[in-house]
Number of protein chains: 2
Amino acid sequence: MKKILIVDDDAELRNNLSEILKGEGYHTEEAGSGKEAIEKAVSSDFDIALIDLMMPKMSGVDVLSELRRIKPKTRVIMITAFATVENAVDAIKKGASDYISKPFKIDELLTTIRRVLEEARFEEGIMKLDLDFTLSSLSNYIRRNIIRLLSLRTGMHFMEITRELGIEDHTKVVFHLKMLKESGIIEQDKDKLYFLTKEGEKTLDCLKILENYLSNK
Amino acid sequence: MKKILIVDDDAELRNNLSEILKGEGYHTEEAGSGKEAIEKAVSSDFDIALIDLMMPKMSGVDVLSELRRIKPKTRVIMITAFATVENAVDAIKKGASDYISKPFKIDELLTTIRRVLEEARFEEGIMKLDLDFTLSSLSNYIRRNIIRLLSLRTGMHFMEITRELGIEDHTKVVFHLKMLKESGIIEQDKDKLYFLTKEGEKTLDCLKILENYLSNK
DNA sequence: GATATTTGTGAAGAATAATTCACAGGCAAA
DNA sequence: TTTGCCTGTGAATTATTCTTCACAAATATC
């Protein structure tokens, strides 16, 4: 069940929203202030936070910023009575997923929530793919060595790599180079020199992190 | 061929040592000062550095510290004329692999070198194994999910896990649980509850690190 | 231009990992 | 005692990954 945090200083509106969302099958919690919102967010993982822009003390934008910092996975939908382009753009820039203005039709809100959840699901899938890719690239000893080699001496020829690895059958190296190329970890320039891509450097970082972590036991 | 860097301000001793070690089948290079030693170490990977503790300007301990920083894989054997417990302990604490005092019998030195090389080989093997293990455990989606599950809710029954994963064929889960058990990542108590081991928590940490790293792009 | 070296392709096969299926002991509830 | 669910085993099958081999285009070298 998806969890939604409702942040608004208007208790009646909070209650109404909460009832409606519960009726739609969501789990909801309410916060009457920015401070309360952050406290609840710390102790629990919400899928979505509906945040009123205009609140006394801590403004909605402040709550947004803090929430994004502590729970980057929680999607934020900003709600406000005074819709201006500036406010909206500002909120989106600061990481809000969407922005709707009071008074809103409840269907509009529900649609927005569903879309944002769908987006989250999709992006999570993308991340899963990235992780799979990275891990499967790193899972092979030869590929790890190729990555390390290319990080030390950037721009190596095929035969250089093969010899450095001490592998007799060059087509074996071709195989792993191809895999790394397909994963976007390495690339070749016009002179056939192999390089680590940006992604490849990130992957190498991951490897180093793991090695460090495992060696400091 | 193993590469040894000899660091001593006494040119004659350097030469003698170098000749002997070459005779034993090692590749050697010489450095007459700490500065020179670091320069050579930067541009080349040595398996072992023999460092005299007492040198003008940059002391052997300073060379040791710097070398450990830039080339952690190079093993260091400290050599000194004035063997004191304090010096020895200090050097070992700072990462020297061993410590011998002048005048030394050449056999003593050769034995020490062989032992240190053997240790290095062993430790490298262990680390490679650990890394392979960890990566292959993490390389599977189902296993990653099991690890995550057990980190959230420690001590789960087999069927709980299976249902939570939404997998119909329970024997599939058995397979991955068995693999994780064999890898020492999870274990079962007398009530058949599954738990993450210490190693498992470390593995989970690795996973989290990677996820965080990949998501903040 | 001939020859050698580099940099590949594609298919077959071996090795390893993962899934599926048939079955079974243990235990708790009816 | 029977029924049903939990927790498995072991073997057969399928999928995936890796290696090997026979061959070849492109480039460099003599």
Side-chain angles (χ1 to χ4, degrees), chain A residues 128-150 153-197 203 207, chain B residues 128-150 153-197 203 207:
Chain A
K128 173 166 114 40
L129 228 178
D130 274 10
L131 188 65
D132 277 347
F133 250 45
T134 305
L135 285 170
S136 83
S137 303
L138 290 179
S139 72
N140 182 284
Y141 180 60
I142 295 176
R143 289 199 290 273
R144 286 203 297 275
N145 280 338
I146 292 175
I147 293 174
R148 286 202 198 91
L149 261 182
L150 289 178
R153 217 182 310 160
T154 190
M156 285 179 82
H157 281 290
F158 171 71
M159 266 296 130
E160 260 183 288
I161 296 174
T162 305
R163 295 216 177 83
E164 194 73 28
L165 293 175
I167 292 174
E168 346 60 55
D169 183 352
H170 69 279
T171 63
K172 191 169 175 172
V173 179
V174 174
F175 170 78
H176 291 289
L177 283 172
K178 204 188 273 181
M179 295 211 70
L180 288 170
K181 246 196 287 185
E182 276 169 15
S183 309
I185 286 178
I186 65 174
E187 61 190 349
Q188 252 179 320
D189 69 1
K190 53 183 183 343
D191 298 329
K192 308 231 167 193
L193 286 167
Y194 286 96
F195 292 89
L196 282 186
T197 61
T203 308
L207 186 57
Chain B
K128 176 164 115 40
L129 227 180
D130 272 12
L131 189 64
D132 276 346
F133 248 46
T134 304
L135 284 170
S136 83
S137 303
L138 289 179
S139 71
N140 182 283
Y141 179 61
I142 294 175
R143 289 200 289 272
R144 286 204 296 274
N145 280 338
I146 293 175
I147 292 174
R148 285 201 198 93
L149 261 181
L150 289 178
R153 218 184 308 161
T154 189
M156 284 178 82
H157 280 289
F158 170 69
M159 266 295 128
E160 261 183 288
I161 297 174
T162 305
R163 295 215 176 84
E164 194 73 29
L165 293 175
I167 291 174
E168 348 58 55
D169 183 354
H170 69 278
T171 64
K172 191 169 176 173
V173 180
V174 173
F175 171 77
H176 291 289
L177 283 172
K178 204 188 273 177
M179 295 211 69
L180 288 170
K181 246 194 292 186
E182 275 168 14
S183 309
I185 287 178
I186 65 174
E187 61 190 350
Q188 254 179 318
D189 69 2
K190 55 184 181 347
D191 299 329
K192 309 230 167 192
L193 286 168
Y194 286 97
F195 292 89
L196 283 186
T197 61
T203 310
L207 186 58

Practice task
Check whether any side-chain N or O of A:Thr197 sits under 3.5 Å from a backbone N or O of A:Gly184 as a donor-acceptor pair, and report yes or no.
Solution key: yes

Using a cut-off of strictly less than 4.0 Å, decide whether [X] has a side-chain nitrogen or oxygen near OP1 or OP2 of [N].
| X | N | value |
| --- | --- | --- |
| A:Asn140 | D:dC18 | yes |
| B:Lys172 | C:dA18 | no |
| A:His176 | D:dT19 | yes |
| B:Arg163 | D:dC6 | yes |
| A:Tyr194 | C:dG8 | yes |
| B:Arg143 | C:dA17 | no |
| A:Lys192 | D:dT27 | no |
| B:Gln188 | D:dG8 | yes |
| B:His170 | D:dG8 | no |

Exercise for the section: Could you work out which one of D:dG8, D:dC6, C:dT7 sits closest to the side chain of B:Val174? Expected result: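 Comparing D:dG8, D:dC6, C:dT7 against the side chain of B:Val174, the answer is D:dG8.
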
Practice task
Answer whether the closest heavy-atom distance between the side chains of B:Thr203 and B:Leu196 falls below 4.5 Å.
Solution key: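 Heavy-atom side-chain distance check fails, nothing below 4.5 Å.
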
Practice task
Kindly indicate whether the side chain of A:Tyr194, heavy atoms from C-beta on, has any atom under 4.5 Å from the side chain of A:Glu160.
Solution key: no

Practice task
For A:Ser136, answer base if it contacts any base atom (sugar-phosphate contacts may also be present), sugar-phosphate if it contacts only those atoms, and nothing otherwise; contact means non-hydrogen atoms under 4.0 Å.
Solution key: nothing

